[in-house]
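Within every chain, numbering begins at 1; the chains are lettered A, B, ... in the order of the sequence lines, protein sequences first and strands thereafter. Only heavy atoms go into these numbers, but all of them, side chains included; no hydrogens, no water, no symmetry mates.
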Amino acid sequence: MSEAQNHLYLVDGSSYIFRAYHRLPPLTNRHGVPAGAVYGYTAMLWKLADGLNKADGPTHMAVILDASEETHRNKMYDQYKANRPPPPEDLVPQFPLIRTATRAFSIPCIEENGLEADDIIACYTYAAVRAGWKVTIVSSDKDLMQLVDDGNVDMLDTMNDRRIGVTEVHEKFGVGPEKVGDVLALMGDSVDNVPGVPGVGPKTATQLIQQYGDLETVLASTDEITKPKLKQNLIEHAEMARLSRRLVELVCDSPLPEPLEELTLKGIPPEPLREFLEDMGFKSLLNRVGKEPGASSGGARPIDVMASQSAPKPLEKEKITVDRTQYECVISDEALDRWIAEARHKGYVAIDTETDALDNMAARLVGVSLATEPNKACYVPIGHVGGDLLSDAPRQLPTDLVLGKLKGLLEDPAVLKIAHNLKYDWVMLQRSGIDVAPYDDTLVMSFDLDAGRSNHGLDELAQAHFDHECIAFKSVCGVGAKQISFDKVPLGAATEYAAEDADICLRLWLRLKPRLAEEGSTRVYQMVDRPLVATVGKMERRGIKVDREYLAKLSGTFATEIAALEQRVYEAAGGPFTIGSPQQLGAVLYDRMGLSGGRKGKSGQYSTDVNELERLAGEGVQAARLVLDWRQLTKLKSTYTDALQSQINRDTQRVHTSYSLSGAQTGRLASTEPNLQNIPIRTEIGRQIRDAFVAEPGHQLMSADYSQIELRLAAHMADVPQLKEAFSKGADIHAMTAEELFGVVDRDTRGKAKTVNFAILYGISSWGLAGRLGVPKEEGKAIIDRYFTRFPGIRAYIDETLAFVREHGFTRTLFGRKTHFPNIRAPNPNFRAGAERAAINAPIQGTSADLIKRAMNRMDDALADAGLSDVKMLLQVHDELVFEVPQGKEEAAAAVVREVMAKAAEPALKLDVPLDVEVGWGSNWGEAH
DNA sequence: CCTATCACG
DNA sequence: GACGTACGTGATAGGA
């Protein structure tokens, strides 16, 4: 018997992972990375590679992947694959793992820029057949059926273990493999967006090719076609058909990236494989290689939101050694290429950008640092200048070259980018034309794991997790008047500082990632907060237009009124003093003027807050009334009309707030610099500020807000039938509460009921409520008791929430978001009571935050799907979203926005109450309400 | 840097 | 019967 024929197996890795993703349940590995598709892929690869030495088994094998760049097909046809949706969120992090898995089997992984996996497969198939080998293509892609050739080339669909030969191709297309391209060209392919000929599907295409032999003959024989519509389509779309023919044509003459001989299959060496399987936690597969004693356990398991209720472990510190001497300053082409190749090899890379200012909408990019392993980090300077006017800029690579090369890496779907507070860098890089994806954010991870029990700054986390002191920004840039911007920092110091941040970020990622699954936070991270980085980044970049002249005019008006009030205050108070000083004001009111009832706070100072001044004003003290008016106007002027004008960006002429994703413990966003979440609305005079927020010419501002969302969620979560029913019927919820509590509904009882309803959300206390209602505390207590009697679900919700938080130290929202309450066991009863009230509120406020975040993440795609990609989401104010809408598209936009917001809980949750969304629009934010 | 005040949901 | 006078934020001004 002669030596067995070589048999090459070519695995279509890209298409396999998509199919595995949709077939298998969502699993996560022990690091919390979604890994269901990788699991399926690994099992499949094993089965194939294990077939060595078996009849018809492989002697050579390679996995073929799609490289990320565009291909010649996009040049032919810009719509090629254009309608393909982005891969699902939890599939993206699995792409790099495909390479890792393949390497673990010691099987070559082949990809080539400009070529699709199909083309590479075709090249290898032809080369192998020429060499007299047999080929099996592991795929079920119909394009690849063109390559089937009995005796030489077949296909294997591992999902159902089906071999595809010429017979099967005939069954599917009614023609042989050599004619498949012609059939595909006629019928088109919606998945790849190959146009084909309208009205021609598989049946007609097959019939035409069977009859005429090939595409050109079909197109030349339209005279003979009897069906008028078909004939007309073939004539009109002949060029589209020819283009389609070229699109489905496989490239088969490119040089092979690896020679055939390199693809020899040597069996499955156990070592790298065992490490990979252990790392992934693929327990059942690990058993096949024979588990080593002492190997870590933990297997793939379903993503689980609510199950992991175990008390959080105290944060154990990990001992690390940071060696800054290993950091590299990258100033050569070769070095940059080496780092990029290393990142691609790893499949992930930690990044950090350095800039010359904190405001990422105004700052310039100064450098980028990368880290691929602990202590393995570099800094690529691009915008450094001499430290003083006399010295030249240090030697560094040209900005365009660096950005061009980094773009390829940062946009590579096969490389996971990891950053701390990525939103900052995301906006920065977006301004340089780089769209970072896929990504992880260690700040967001830390927030989702440890909200309420840790701060989330990189330096603080380095301290908390590793006992490591990062180089302080102050120590490289200085403080105060002597502070320099980062572009003036010498490269040596800049490299140590910047590379360390990427290094620490990477170590943090390695540490936090597994905890997400262990502690039940994968879902809220992957589905809510992680995608929000890009969603909010986009909003920040857009900004909102502010009418500077209007604000300046308003500012002038306020100034005049303030000056007049000042004089009247002095007259009423018997002499000038600093009205803005609570200390002086207290002294004037209670000492100089001798008013009674002064209340002193813990600092021993008279309180002069709005409640006290209102009380005095009610007693007829003119000065108190005047001070209140003065305070309102100075507040409006300094915080809004004046400050806002200085926040207008020079380049965009718009105001770009920054949203903190980890600012509020409950999961809410917080808006800073400027805070656009506290623009006045409650008083008529304050409302004028809102009118300064305007739409671009030809546009309108649209505001959409959830009505009573927290009360609705409370009704659902505490399961209160009367409240749920009232919301379902669209009834007046406070009136209904008044009816339940007092038996009558009038202005007084409705107002009281409203206060009580809010008190519930905030963690009620009868004494607090009594004070708020201005009634004796006995009556406050009676009202609370009645409330609990009428709505027993509320009592149960509070009791259960408190029992849970006392046992576990944290609460959860309906979507699994955790908030920790370390003070829940504080010895100080005041601290404890405060923690209890906050814990009662957190699940409600947090679920509301989850809901609007889900809506925000979906909004742009939903608008684009409705042909409204020119509608821009600009602002979020906790239960409100603000959009800029081209005039005439208001109704259409309102419909989409309403739908997305109202359905934000789905499909994860079915709420017992409807979510009502109120939408309005106008030329400014004031009018939009 | 801390406190008091007040803007929002 | 005491507790301290509701939950979550950020910006500003005064004062130490």
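When each of dA11(C), dG15(C), dC7(C) is scored by its nearest atom to the side-chain atoms of T672(A), the top-ranked nucleotide is dA11(C). For Q584(A), the listed nucleotide lying nearest its side chain is dG15(C); candidates were dA6(C), dT9(C), dG15(C).
Put simply, CG on L769(A) is 9 Å from C1' on dA6(C), counting in whole angstrom units. Rounded to whole Å, atom P of dA11(C) lies 9 Å from atom CD of Q647(A). In this entry the distance linking CZ of F558(A) with C1' of dT12(C) reads 16 Å, nearest Å. Atom pair E778(A):CD and dG1(C):P shows a separation of 11 Å (rounding to whole Å applied). In this structure, I852(A) atom CD1 and dG8(C) atom C1' are separated by 15 Å, rounded to whole Å. The distance from atom CD of E836(A) to atom P of dT5(C) is 15 Å, rounded to the nearest whole Å. For the pair L661(A) CG and dG10(C) P, the computed distance is 12 Å after rounding to whole Å. Between the CZ atom of F831(A) and the C1' atom of dT5(C) there is a distance of 16 Å, rounded to whole Å.
Residue S658(A) is classed as having no contact, given no heavy-atom separation below 4.0 Å to the nucleic acid. Among the protein residues, G663(A) comes within range of the sugar-phosphate backbone only, with heavy atoms under 4.0 Å from sugar or phosphate atoms but none that close to a base. When heavy atoms are screened at a 4.0 angstrom cut-off, S660(A) is found touching no nucleic acid atom at all. As judged by a 4.0 angstrom heavy-atom cut-off over every strand, A643(A) is placed among residues touching the sugar-phosphate backbone only. Backbone-only contact: A838(A) has heavy atoms under 4.0 Å from sugar-phosphate atoms and none from a base.
Taking atom P in both dT5(C) and dT5(B), the straight-line distance is 13 Å, to the nearest Å. Taking atom C1' on both dC3(C) and dA7(B), the two are 30 Å apart, rounded to the nearest angstrom.
Residues satisfying the ring-ring contact (aromatic ring centres under 6.0 Å, His included) test with F821(A), not counting sequence neighbours, are none. Listed by chain and residue number, Y590(A) satisfy the ring-ring contact (aromatic ring centres under 6.0 Å, His included) test with Y606(A) (two or more places apart in sequence, or in another chain). The salt bridge (charged side-chain N to carboxylate O under 4.0 Å, His left out) check on R541(A) picks up nothing, with sequence neighbours excluded. Qualifying ring-ring contact (aromatic ring centres under 6.0 Å, His included) partners for Y640(A), counting only residues two or more places apart in sequence or in other chains: none.
Applying the salt bridge (charged side-chain N to carboxylate O under 4.0 Å, His left out) definition to pairs two or more places apart or across chains, those involving residues 819-847 of chain A are R806(A)-E836(A). Among pairs with a residue in residues 915-929 of chain A, those fulfilling salt bridge (charged side-chain N to carboxylate O under 4.0 Å, His left out) read R712(A)-D916(A), at least two apart in sequence or across chains. Residue pairs that meet the salt bridge (charged side-chain N to carboxylate O under 4.0 Å, His left out) test with at least one member in residues 682-691 of chain A, sequence neighbours left out, do not exist here. For residues 623-638 of chain A, the set of pairs meeting the salt bridge (charged side-chain N to carboxylate O under 4.0 Å, His left out) definition, not counting sequence neighbours, comprises E614(A)-R625(A), K637(A)-D642(A).
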Distance-only donor-acceptor hits, side chain of residues 703-710 of chain A, under 3.5 Å, sequence neighbours excluded:
from, atom 1, to, atom 2, distance (Å)
S703(A), OG, E880(A), OE2, 2.7
Y706(A), OH, M901(A), O, 2.6
E710(A), OE2, R668(A), NH2, 3.4

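Ion pairing of D448(A) with R817(A) is present here, as a side-chain N (NZ or NE/NH1/NH2) and a carboxylate O approach within less than 4.0 Å.
Take the nearest nucleotide of DNA chain C for P829(A) and for A664(A): the residue whose nucleotide is more 5' is P829(A).
If you check distances only, the side chain of R772(A) does reach the base of dA6(C) with a donor-acceptor pair under 3.5 Å.
Looking at residues 780-800 of chain A, you'll see that no heavy atom sits under 4.0 Å from any atom of DNA chain C.
Ring orientation note: the planes of H808(A) and F804(A) are tilted relative to one another, at an angle of 30° to 60°.
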Nucleotide-resolved protein contact map, nucleotides 1-9 of chain B, B/S/- at heavy-atom distance under 4.0 Å: ---SSBBBB

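For T634(A), no side-chain nitrogen or oxygen approaches OP1 or OP2 of dT12(C) to under 4.0 Å. Residue R837(A) places at least one side-chain N or O under 4.0 Å from the OP1 or OP2 atom of dC7(C).
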R530(A) and D441(A): CA distance, side-chain angles, deciding distance, salt bridge (Lys or Arg N to Asp or Glu O under 4.0 Å) verdict: CA-CA 7 Å; R530(A) 198 192 60 77; D441(A) 187 333; over 6 Å; no

Verdict with reasoning, E612(A) to R615(A), per salt bridge (Lys or Arg N to Asp or Glu O under 4.0 Å): CA-CA 5 Å; E612(A) 289 301 301; R615(A) 177 179 61 81; 3.0 Å; yes

Nucleotide pairing, DNA chain C (Watson-Crick or G-U, distances under 3.5 Å), in dot-bracket with [ ] and |: ......|||||||||.

